[in-house]
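Quick caveat, the model's predicted, so the values are computed rather than measured. Naming convention: chains lettered A, B, ... in sequence-line order (proteins, then strands); numbering from 1 in each chain.
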Protein chains: 2
Amino acid sequence: MEKRATIKDVAEAAGVGVATVSRVLSGGSASPRTRERVLAVAAQLDYRPSALGRNLRQRRTGGMGLLVPDLTDTFFGQLAEGVLACGRSAGEPVLLASTADDPEQESEMIGMLLEQGVDRVIAVPSGGADTWRPAIRAGMAVVFADRLPADAAEPAGSTGVRDLMLLDGLPAAAEPAARPVDVPAVLADDRAGIRTAVRYLRGLGHRRIAFLGGPGHDRRVAAFREAVGDPVDEELVVFATGSRDAAYAAASGLFQSRPDLSAVVAAGNVLGEAAVLAARELDLRVPRDVSLVMYDDVPWAELCSPPLTVIAQPGRDIGYRAAELVLRTGARRPRTVVLPTELIVRGSCGPHR
Amino acid sequence: MEKRATIKDVAEAAGVGVATVSRVLSGGSASPRTRERVLAVAAQLDYRPSALGRNLRQRRTGGMGLLVPDLTDTFFGQLAEGVLACGRSAGEPVLLASTADDPEQESEMIGMLLEQGVDRVIAVPSGGADTWRPAIRAGMAVVFADRLPADAAEPAGSTGVRDLMLLDGLPAAAEPAARPVDVPAVLADDRAGIRTAVRYLRGLGHRRIAFLGGPGHDRRVAAFREAVGDPVDEELVVFATGSRDAAYAAASGLFQSRPDLSAVVAAGNVLGEAAVLAARELDLRVPRDVSLVMYDDVPWAELCSPPLTVIAQPGRDIGYRAAELVLRTGARRPRTVVLPTELIVRGSCGPHR
DNA sequence: CTTCTCCATGGAAACGATTCCATCATGCTT
DNA sequence: AAGCATGATGGAATCGTTTCCATGGAGAAG
């Protein structure tokens with residue numbers, strides 16, 4: 001274990017000052033002669049600048065933080081791969097944390113990132129705007145992915161999602177009024193996705209359509225309500241907490257309490273999985289007894305029998321774009337992006353009988 | 001965006017020296033009076049020590065790196081969750097990178113970690129020992145998880161896996177002979193898992209059993225060969241590269257070239273998925289026409305019809321233990337750990353006909 | 001030939017923590 | 001009462017980089 005060469009070593013060996021070495025290595029001006037020599041010596045010594053020193057000097061860690069609820073959920077795995085891909089091509093490291101959909105853990109992780117000097121985060125938020133205000137106040141560049149904080153004010157204009165506004169409650173003395181800060185986000189077009197699914201089910205004759213949601217599916221349930229139109233049968237809209245057990249319990253409870261339902265929209269792949277399992281357990285046949293549409297196109301959707309009809313959203317792209325946004329921050333104010341969803345019809349929906 | 005308070009601010013506000021603040025905060029000796037005052041001031045200023053400064057001084061970043069091939073693979077998602085859980089409880093950040101099973105990318109990522117000053121890594125290795133030697137030479141504490149480097153010398157004693165030896169080729173001048181360096185690892189008991197599966201299939205009457213492997217499944221294929229005994233029908237042992245497409249192609253090719261096979265052991269969940277898909281495409285019924293055992297117990301194994309019989313390995317535990325090992329490094333020399341596997345019989349295997 | 005400008009260059013000051021070491025006060029032993 | 005040990009405390013060095021600023025030399029313009 002030999003210690004690594006420092007910039008000082010390089011400077012010495014090349015017979016120049018450290019400033020010159022630094023300039024050469026970071027593309028500043030230097031005479032061709034010295035540039036060449038420095039480069040040669042650096043290569044020969046296998047010199048790699050220490051991120052530690054640089055970060056301290058520049059008062060920020062490079063790279064970005066990534067906060068997801070649960071990597072065991074294939075969708076978040078895809079999203080993470082997207083972020084990682086972008087990070088790799090930008091040469092930026094990625095700090096990962098999972099929050100288990102718990103605002104408290106999320107808050108803790110934000111603190112950890114702050115401590116690490118990470119000032120760029122892409123997050124699938126679990127907590128509300130309150131959880132995120134400290135981060136933004138601390139000057140973090142935040143980009144939300146896949147979701148918005150539960151209580152964020154989202155202008156529901158017909159043009160789609162606009163930039164999210166978080167009220168930044170400054171100390172009353174400093175500013176006359178609270179200043180709005182907008183956080184960009186990369187989202188799937190949940191509204192269109194859900195609407196398409198509901199219309200598809202309607203077209204098959206289904207009237208009693210249930211919605212099975214989990215944490216963070218607020219936009220989806222809103223879209224569902226809108227698509228179904230009044231009156232919404234509230235018993236057919238159920239929510240589970242994040243765990244697989246809870247999802248199963250919710251699905252099972254739904255099927256048992258309302259045997260009259262004929263179709264289910266599961267708002268995420270964990271919920272879809274739970275619905276399939278619960279249906280099987282209760283001897284409900286898909287799609288004969290109940291039709292199922294699942295959000296997220298995961299590889300195993302095709303393995304089910306029948307293969308699951310899904311609302312596909314581009315998990316990897318969402319991650320990649322979010323990472324792009326958070327890295328470009330500062331250039332021009334990034335705006336939120338909405339990516340299209342697609343209804344992929346396979347075999348889990350049938351006509352109402 | 002107000003800048004964060006530094007240790008100097010705290011010292012000033014508390015009327016003490018920075019050294020005292022540092023001591024109080026890191027548990028050194030201090031009089032109860034000053035300790036109290038410093039703590040109060042720190043809390044009041046919302047002071048959080050910057051990891052940047054600390055890391056530079058101590059010449060190492062805290063935290064650990066995590067290298068996995070692909071987060072889209074549920075098993076690695078589980079593993080990552082384990083690492084994250086351990087990191088969280090130890091208060092250590094985790095730097096994530098995925099390698100796509102490409103030694104070159106892996107090597108690049110190791111370089112990145114080195115640059116970041118990360119000196120502890122837990123890795124699912126893709127490259128050989130050569131890829132890892134530089135890391136170890138640089139003083140990194142490495143723990144392998146789930147696999148060993150392809151060409152690592154693994155003493156195949158009957159007691160199970162022993163510490164992995166990587167020959168550390170020092171400059172010949174410095175040391176008289178190459179010095180062995182051992183890298184601990186956390187593995188599943190592949191040998192037992194595969195053996196159990198093969199015996200189970202044998203017990204059902206299967207004689208022509210195929211093995212469908214991917215990158216990093218060397219230990220599993222070795223175990224397969226051992227379990228099957230001589231002579232091994234080499235046409236029944238096929239390998240695919242990491243992608244889902246390649247896995248599908250391999251599975252499909254296998255079924256087509258050897259219609260006489262009656263059972264398949266898939267060495268990972270991506271391969272299992274591919275096998276199911278390929279079988280369906282070729283109108284082979286599971287388990288009537290072909291029996292299938294898959295490595296990895298992923299949630300969706302139960303969703304298949306019939307539900308998949310699997311060799312379960314504790315992905316989350318593997319990650320957690322590996323993280324523990326890499327964090328404890330230095331205390332007492334960590335030894336490699338082998339965790340048990342379990343054959344979970346569901347419906348994808350039937351008697352040979 | 002002088003003066004002005006420009007550029008390459010190196011010294012030194014940050015950045016925010018930890019930690020060595022010297023200092024000083026206190027209380028105890030002899 | 002003097003000397004000594006103990007413990008609290010603050011100043012300053014240090015980690016490896018970037019960046020500001022001053023210096024010096026060379027070439028151009030007058």
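Checked by atom type and distance alone, the side chain of D9(A) pairs as donor or acceptor with a backbone atom of T6(A) at under 3.5 Å. No side-chain donor-acceptor contact under 3.5 Å links E115(A) to the backbone of A51(B). Side-chain N or O atoms of T61(B) include one that pairs as donor or acceptor with a backbone N or O of Q116(B) at under 3.5 Å. Looking only at distances, a side-chain donor or acceptor of R4(A) sits under 3.5 Å from a matching main-chain atom of L114(B). Judged by distance alone, the side chain of E81(B) and the main-chain N or O of R316(B) form no donor-acceptor pair under 3.5 Å.
Across all strands, I7(B) comes closer than 4.0 Å to base atoms (heavy-atom distances). Residue T6(A) is in sugar-phosphate contact alone, with no base atom involved, counting any heavy-atom pair closer than 4.0 Å across all strands shown. Within the nucleic acid shown, S50(A) comes within 4.0 Å of sugar-phosphate atoms alone, with no base atom in reach, counting heavy atoms only.
Look at CD on E12(A): it is 14 Å from C1' on dG16(D), rounded to the nearest Å. Between L25(B) atom CG and dT19(C) atom P there is a gap of 13 Å when expressed in whole angstrom units. K8(A) places its NZ atom 15 Å from the P atom of dG10(C), with the value rounded to the nearest Å. Rounded to an integer number of Å, the gap from CG of L45(A) to P of dG16(D) is 14 Å.
Checked options T131(B), D101(B), D102(B); the residue passing with S126(B) is D101(B) (criterion: side chain to side chain donor-acceptor pair (under 3.5 Å)).
In E36(A), the CD atom is not crowded: 12 or fewer heavy atoms of neighbouring residues, nucleotides or ligands sit closer than 6.0 Å.
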What protein N or O atoms touch nucleotides 5-12 of chain D N or O atoms at under 3.5 angstrom, if any, and at what distances?
{"residue": "dA8(D)", "atom": "OP2", "partner": "S29(B)", "partner atom": "OG", "Å": "3.1"}
{"residue": "dT9(D)", "atom": "OP1", "partner": "S31(B)", "partner atom": "OG", "Å": "3.2"}
{"residue": "dT9(D)", "atom": "OP1", "partner": "T34(B)", "partner atom": "OG1", "Å": "3.3"}
{"residue": "dT9(D)", "atom": "OP2", "partner": "S31(B)", "partner atom": "N", "Å": "3.1"}
{"residue": "dT9(D)", "atom": "OP2", "partner": "T34(B)", "partner atom": "OG1", "Å": "2.8"}
{"residue": "dG10(D)", "atom": "OP2", "partner": "G17(B)", "partner atom": "N", "Å": "2.8"}
{"residue": "dG10(D)", "atom": "OP2", "partner": "T20(B)", "partner atom": "OG1", "Å": "2.5"}
{"residue": "dG10(D)", "atom": "O5'", "partner": "G17(B)", "partner atom": "N", "Å": "3.4"}
{"residue": "dG10(D)", "atom": "N7", "partner": "R23(B)", "partner atom": "NH2", "Å": "3.0"}
{"residue": "dG10(D)", "atom": "O6", "partner": "R23(B)", "partner atom": "NH1", "Å": "3.1"}

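One end of the helix from dC1(C)-dG30(D) to dT30(C)-dA1(D) points its axis 50° away from the other end's axis, with each axis taken from 5 pairs and the angle rounded to 10°.
In this structure, the side chains of M109(B) and E106(B) stay at 4.5 Å or more apart for every pair of heavy atoms. At least one side-chain heavy atom of W132(B) sits under 4.5 Å from a side-chain heavy atom of V142(B). Residues V21(B) and V16(B) meet the side-chain proximity criterion, which asks for heavy atoms closer than 4.5 Å.
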Would you sort out whether R88(B) and M112(A) count as a side-chain contact (heavy atoms from CB on, under 4.5 Å), showing the intermediate values? CA-CA 10 Å; R88(B) 173 163 42 239; M112(A) 187 265 276; over 6 Å; no
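For the segment residues 53-64 of chain B, the set of residues with a heavy atom within less than 4.0 Å of an atom of DNA chain D comprises L56(B), R57(B), R59(B), in numerical order.
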